[in-house]
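Notes follow the structure.
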Amino acid sequence: MGWAIALHGGAGDIPYSLPLERRQPREEALRHCLQIGVKALKSNMAPLDVVELVVRELENIPHFNAGRGSVLTNKGTVEMEASIMDGNTMKCGAVSGLTTVVNAVSLARLVMDNTPHIYLAFDGAEDFARQQGVETLHTSHFITPENIERLNQAKEANRVQIDYTQPIQNDTTKGEPEIPFANGDSQLGTVGCVAVDGNGNLASATSTGGLVNKMVGRIGDTPLIGAGTYANELCAVSATGKGEAVIRGTVARDVAAMMEFKGLSLKEAADCVVHERTPKGTVGLVAVSAAGEVAMPYNTTGMFRACAAEDGYSEVAIWPDTKIE
């Protein structure tokens, strides 16, 4: 048994031709955030505090679809969401529909710590943020030129747009717009972190801006406990991918259930959920077990991911067999 940490910056149809100027900043950010998490665990910070710290840092980096880099709705607005869960106590908190909160994950933590509830959304969540005195900024802070361009591309193609690739234009010969959730669209750039300390204490946190050109009011898997985020005494899981698929598959909880009820190892459980129980091209996850094991499976082209463990192993990668360090 020993400490371990894993984090992700989204899974999906990430092309191998992804330009260096789009790939390198994300790789550097993953490495930076991994170092922050490792340092925190080595200093005996509680896993719940570690995952919040790391996800806050990821939210502040505009290269990912969370916090500062959140993608835009079909009305050109941001609606951020996040959740966090402690494995020992099973306490959890979640938020959706945020438009001014700088760090959604920390507001989710406050919902967990300071209310009798688990989930607050939209106006109620924004009101709670002001009551708690968390940092807020004008919504324009979250609207980046890159995400305005993505939204315009998505609207031109009349579809919910993925993060890393260009939209496929409509076939006008059919006389009908493309179905918004066409095959290949996925929730990319979502961020998440899972951690375990040397005593087997576990925690998970996930944060996102959702889908490009999503309907206003759409809620994905990220804030849903058991779908995008889950932690108990056996493991901690943070999922990413096509939110609707993650919700249908209760992906994060299923990993824990496989371990609990079938006696599978973390790797066996995570591989089963990702490769056998969810449609190909829709899901990725990072997970750690109470024993310090790490799993980072995905059934998409790639997943921005990083991990480290007390035994000295460390990895930052995007595609299969392309370990960066």
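Numbers here are sequence positions counted from 1. In what follows, every heavy atom counts, from backbone to side chain, and hydrogens, waters and symmetry copies are set aside. None of the values given here were measured: they were computed from a predicted structure.
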Under 3.5 Å, sequence neighbours excluded: what are the donor-acceptor pairs made by side chains of residues 1-10?
residue : atom : partner : partner atom : Å
H8      : ND1  : G10     : N            : 3.4
H8      : ND1  : T190    : O            : 3.2
H8      : NE2  : S238    : OG           : 2.9

Is a side-chain N or O of N60 found less than 3.5 angstrom from the main chain of R56, in a donor-acceptor match?
yes
Would you check if there is a donor-acceptor pair between the side chains of T240 and Y298 at a distance under 3.5 Å?
no
Sub-3.5 Å donor-acceptor pair from the side chain of D86 to the main-chain atoms of M90, do we have one?
no
Strictly below 4.0 Å, N to O, side chains only: are R109 and D49 in salt-bridge contact?
yes
What class does the angle between the rings of F304 and F64 fall in, given that below 30° is parallel, 30 to 60° is tilted and above 60° is perpendicular?
perpendicular
Answer yes or no: is there a donor N or O on one side and an acceptor on the other, between the side chain of R31 and the main chain of E315, under 3.5 Å?
no
Please report the C-alpha distance between E52 and E57 in whole Å, then the side-chain angles of each, then the deciding distance to 0.1 Å, and finally whether the side-chain contact (heavy atoms from CB on, under 4.5 Å) criterion is met.
CA-CA 9 Å; E52 180 185 1; E57 190 70 15; over 6 Å; no
With sequence neighbours excluded, tell me which residues meet side-chain hydrogen bond (donor to acceptor under 3.5 Å, both in side chains) with E233.
none
Would you compute the distance between atom OG1 of T301 and atom NZ of K280 and round it to the nearest 0.5 angstrom?
7.5 Å
Side-chain heavy atoms nearer than 4.5 Å, only ILVMFWY residues, links allowed to pass through others: does that put V51 and Y119 together?
no
side-chain contact (heavy atoms from CB on, under 4.5 Å) between L53 and I36: does it pass, once the steps are laid out?
CA-CA 8 Å; L53 175 68; I36 288 174; 3.6 Å; yes
For the hydrophobic clusters of this structure (ILVMFWY residues joined by side-chain heavy atoms under 4.5 Å, transitively), does one cluster hold both M85 and M112?
no
Is a donor on one side and an acceptor on the other found under 3.5 Å between the side chain of E135 and the backbone of N103?
no
Backbone N or O of H141 within a donor-acceptor pair of the R68 side chain at under 3.5 Å?
yes
Once rounded to the nearest 0.5 Å, what's the spacing between atom CG of L224 and atom CG of D221?
7.0 Å
Classify the side-chain pair S70/N147 by whether it contains a donor and acceptor separated by less than 3.5 Å.
no
Can you find a side-chain donor-acceptor pair between T229 and S204 that sits under 3.5 Å?
no
May I ask you to decide if C235's main-chain N or O and N232's side chain share a donor-acceptor pair within less than 3.5 Å?
yes
Heavy-atom closest contact (I219 atom, I247 atom, distance):
O-CD1, 4.3 Å
How is the hydrophobic cluster of V283 composed, in terms of its other members, when Ile, Leu, Val, Met, Phe, Trp and Tyr link through side-chain heavy atoms under 4.5 Å apart, directly or indirectly?
L234, V237, V246, V251, V255, M258, M259, L264, L266, V273, V274, L285
Evaluate V286 against M303 for side-chain contact (heavy atoms from CB on, under 4.5 Å), listing each step before the verdict.
CA-CA 10 Å; V286 295; M303 179 171 72; 4.2 Å; yes
Is atom CG of D123 surrounded by more than 12 heavy atoms (other residues, nucleotides or ligands) closer than 6.0 Å?
no
Between NE2 of H63 and OG1 of T144, what distance do you get to the nearest 0.5 Å?
10.5 Å
Any luck finding a side-chain donor-acceptor pair between T222 and E81 under 3.5 Å?
no
Worked check of side-chain contact (heavy atoms from CB on, under 4.5 Å) between I143 and L72:
CA-CA 7 Å; I143 300 176; L72 306 181; 3.9 Å; yes
Heavy-atom closest pair, residues V105 and S83:
CG2-O, 4.3 Å
Taking all atoms of both residues into account, what is the closest heavy-atom pair of A125 and L107, and its distance?
O-CD2, 3.6 Å
If you count the non-hydrogen atoms of other residues, nucleotides and ligands that lie under 6.0 Å from CE in M215, is the total more than 12?
no
Cut-off 3.5 Å, side chains only: do T99 and E79 have a donor facing an acceptor?
no
Taking salt bridge (charged side-chain N to carboxylate O under 4.0 Å, His left out) as the definition, give me every residue that meets it alongside D254, ordered by chain and number, with sequence neighbours left out.
R277
Fellow cluster residues of F261, listed by chain then number, with links counted only when side-chain atoms sit under 4.5 Å apart
none
Minimum heavy-atom distance L110-F128, with the two atoms named
O-CZ, 3.7 Å
Whether the side chain of K214 engages the backbone of N74 through a donor-acceptor N/O pair (distance < 3.5 Å, no angle test) should be reported.
no
Does the distance from a Lys or Arg side-chain N to an Asp or Glu carboxylate O, for R23 and E27, drop under 4.0 Å?
yes
Residues passing the side-chain hydrogen bond (donor to acceptor under 3.5 Å, both in side chains) test with T77, sequence neighbours excluded, are T73
Short question: side chain of D197, backbone of M45 - any donor-acceptor pair under 3.5 Å?
no
Closest approach of V95 and L98, non-hydrogen atoms and distance?
CG2-CD1, 3.7 Å
Judged by atom type as modelled, is there a donor-acceptor pair below 3.5 Å linking the side chain of R305 to the main-chain atoms of I318?
yes
Is the side chain of N299 donor-acceptor paired with the backbone N or O of G284 at a distance under 3.5 Å, no angle test?
no
Using a 4.5 Å cut-off on heavy atoms from C-beta on, say whether the side chain of V55 contacts that of S207.
yes
Of all heavy-atom pairs between C307 and V294, which one has the smallest distance, and what is that distance?
CB-CG1, 3.8 Å
Common cluster, L20/L18, ILVMFWY with side-chain heavy-atom separation under 4.5 Å:
no
If only side-chain N and O atoms count, and only distance matters, is there a donor-acceptor pair under 3.5 Å linking T115 with H117?
no
Quick check: is L34 connected to V54 through a chain of hydrophobic side chains (ILVMFWY, heavy atoms under 4.5 Å apart)?
yes
Side-chain ion pair, R22 and E146, N-O less than 4.0 Å
yes
Find out if a path of hydrophobic residues (ILVMFWY) with successive side-chain heavy-atom gaps under 4.5 Å connects V38 to V316.
yes
Is atom NZ of K155 surrounded by more than 12 heavy atoms (other residues, nucleotides or ligands) closer than 6.0 Å?
yes
